[in-house]
Amino acid sequence: MPLFFVLSGYLASRRNREDIPSFFKKLMISRIVPFLFFNLLILPFYFIDAAFTNSHADVPQLLSRSLYLLAGRPAFNFITWFLICLASVEVIHYLVFPLVRNDKRKMILAIILCYLAGWYAASPGNILNTLLFKDYWYVREAVLACSFYLFGSMLPAMPMLRDTLPAKSAFPMGILSTGLLVVAFNLNEGPFRICPVVAVAFAGYGNILLFPLTAIAGTVSIAIVSRWLGTIGIFQYLGRNTLVLMGLNGILAQFPNVVFLTRFQGFLSGSPLTTVFLCFVLTVLSIILCIPCVYLLNRYLPRAVGSPRPRPRTF
């Protein structure tokens, strides 16, 4: 998730600052509309699932849950939480960035302050955490995520993402960042909020120093690898359609994936290699299932998925 925020900040830094009406209009089209669309798109699957399992869909409960959408909570498609959190991050960035964009020292200070403030907001027992307990619009997570967003806005001035970076420099940098990622990942333990792993959506980050170290190491590692993978058609396709694939994956995660995992549950308790293989198979099947939907949504409902105009894509 930090990688997504870094990439979003990187792209934002390449755009000109917009006036307030234009900014919020674009925010609505690119973030809020897809959030609502993918949460509503999943509703028919509750009835399909009820038909297959000989049960009844609780319509009053579904209607009650839909009110959470007004508070920026993903009532049905949890994966879309990122769109709301990103919208909150972009609002914070819109207010903060003009104050620091011309001074690297101020930018670094803003990154540190956002990180510490977000960490404090996630810590149990403090007043701010109590006030933000409901966490509407993922404001609590957005404060810390803004530090990665601001970091991403600084990346265009760094050579690691440029085509001019020599392979002899990129290769050792990739090895070093990947090694650092593996080491720091295994050391990044507690405190967590909901489950014993990093979960940005629940403000669970791990160690206050190792979490950003792991996140930045992973970001650099993937940035280096993308210099070679970015020319491959399938990865270009996935990159262009990340938002749509993310929204569709929220549907797959609750229904088809559950059937798959239930059927092969016995194998998941085996070796790590078996688990990786099954996850790979599930990922490939998910992408294959999504491809026709991605095309149709981009072609006929582009605004619903954050695109301003039809843009059919091929490999």
Side-chain angles (χ1 to χ4, degrees), residues 1-5 7-8 31-53 55 57-58 61-62 64-66 68-69 71-87 135 138 141 145 192-204 218 234-235 237-269 272 274-298 301 304-306:
M1 296 315 304
L3 171 66
F4 275 97
F5 289 112
L7 292 177
S8 298
R31 309 290 182 241
I32 308 303
V33 170
F35 165 76
L36 295 174
F37 174 75
F38 283 113
N39 272 274
L40 297 177
L41 182 65
I42 200 174
L43 287 177
F45 290 89
Y46 283 95
F47 296 93
I48 295 173
D49 181 66
F52 274 99
T53 57
S55 57
D58 192 339
Q61 184 187 46
L62 293 176
S64 176
R65 286 171 58 184
S66 65
Y68 284 100
L69 296 174
R73 305 295 298 178
F76 308 110
N77 191 334
F78 177 74
I79 293 179
T80 58
W81 76 271
F82 172 74
L83 287 170
I84 291 300
C85 187
L86 180 58
D135 203 14
Y138 285 92
E141 291 76 12
F192 298 102
R193 293 180 57 84
I194 304 297
C195 50
V197 294
V198 170
V200 178
F202 301 109
I234 180 62
F235 290 106
Y237 174 83
L238 295 175
R240 287 193 300 262
N241 297 286
T242 298
L243 191 154
V244 186
L245 289 167
M246 180 184 70
L248 293 174
N249 188 52
I251 299 173
L252 295 176
Q254 293 192 52
F255 299 105
N257 287 9
V258 173
V259 176
F260 179 91
L261 294 174
T262 301
R263 185 175 183 85
F264 295 98
Q265 185 175 8
F267 295 95
L268 293 176
S269 59
T274 303
T275 302
V276 170
F277 174 74
L278 288 176
C279 290
F280 174 78
V281 171
L282 182 58
T283 300
V284 172
L285 291 176
S286 298
I287 293 174
I288 292 173
L289 285 173
C290 286
I291 286 176
C293 299
V294 170
Y295 174 82
L296 292 173
L297 290 173
N298 282 331
L301 294 172
V305 294

> Go through Leu248 and Leu297 one step at a time and tell me if the side chain to side chain contact (heavy atoms under 4.5 Å, CB included) criterion holds.
CA-CA 11 Å; Leu248 293 174; Leu297 290 173; 4.2 Å; yes
> Quick one: does Asp58's side chain have a donor or acceptor within less than 3.5 Å of a partner on Gln61's backbone?
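Judged by distance alone, yes, a pair lies under 3.5 Å.
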> Taking all atoms of both residues into account, what is the closest heavy-atom pair of Met246 and Leu83, and its distance?
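Minimum heavy-atom separation between Met246 and Leu83: CE-CG, 3.8 Å.
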> Roughly how far, to the nearest 0.5 Å, is the CZ atom of Phe78 from the CG atom of Asn249?
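Rounded to the nearest 0.5 Å, the CG-CZ separation comes to 12.5 Å.
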> Under 4.5 Å between any side-chain heavy atoms of Pro74 and Tyr138, yes or no?
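Answer yes - side chains close enough.
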> Side chains of Trp81 and Leu86: does their closest heavy-atom pair fall under 4.5 Å?
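Not in contact.
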> Would you tabulate the side-chain donor-acceptor contacts of residues 32-43 under 3.5 Å, counting partners in other chains and residues two or more places apart, or write 'none'?
residue	atom	partner	partner atom	Å
Asn39	OD1	Ala75	N	3.4
Asn39	OD1	Phe76	N	3.1
Asn39	OD1	Asn77	N	2.9
Asn39	ND2	Phe35	O	2.8
Asn39	ND2	Thr80	OG1	2.9

> Residues two or more places apart in sequence or in another chain: which of them pass ring pair (Phe, Tyr, Trp, His ring centres under 6.0 Å) with Phe47?
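Not a single residue meets the ring pair (Phe, Tyr, Trp, His ring centres under 6.0 Å) criterion with Phe47.
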> What's the shortest heavy-atom distance between Phe82 and Ser8, and which atoms?
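Heavy atoms of Phe82 and Ser8 come nearest at CZ-OG, 4.4 Å.
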> So do the side chains of Arg73 and Ile84 get within less than 4.5 Å of each other, counting heavy atoms only?
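No, every pair of side-chain atoms sits at 4.5 Å or beyond.
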> Verify, without hydrogens or angle tests, whether Thr242 (side chain) and Leu238 (backbone) share a donor-acceptor contact under 3.5 angstrom.
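Judged by distance alone, yes, a pair lies under 3.5 Å.
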> Between Ala201 and Glu141, which heavy-atom pair has the shortest distance, and what is it?
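Shortest heavy-atom contact: O-OE2, 3.4 Å.
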> Which heavy-atom pair separates Arg65 from Tyr46 by the least distance, and what is that distance?
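That closest heavy-atom pairing would be NH2-OH, 3.5 Å.
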> For residues 279-294, which side-chain donor-acceptor pairs fall under 3.5 Å, sequence neighbours excluded?
residue	atom	partner	partner atom	Å
Thr283	OG1	Cys279	O	2.8
Ser286	OG	Leu282	O	2.7

> Is it true that atom CZ of Phe277 has more than 12 heavy atoms of other residues, nucleotides or ligands lying nearer than 6.0 Å?
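Not more than 12 within 6.0 Å, no.
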> Would you compute the distance between atom CG of Leu252 and atom CZ of Phe45 and round it to the nearest 0.5 angstrom?
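Going from CG on Leu252 over to CZ on Phe45, the span is 8.0 Å.
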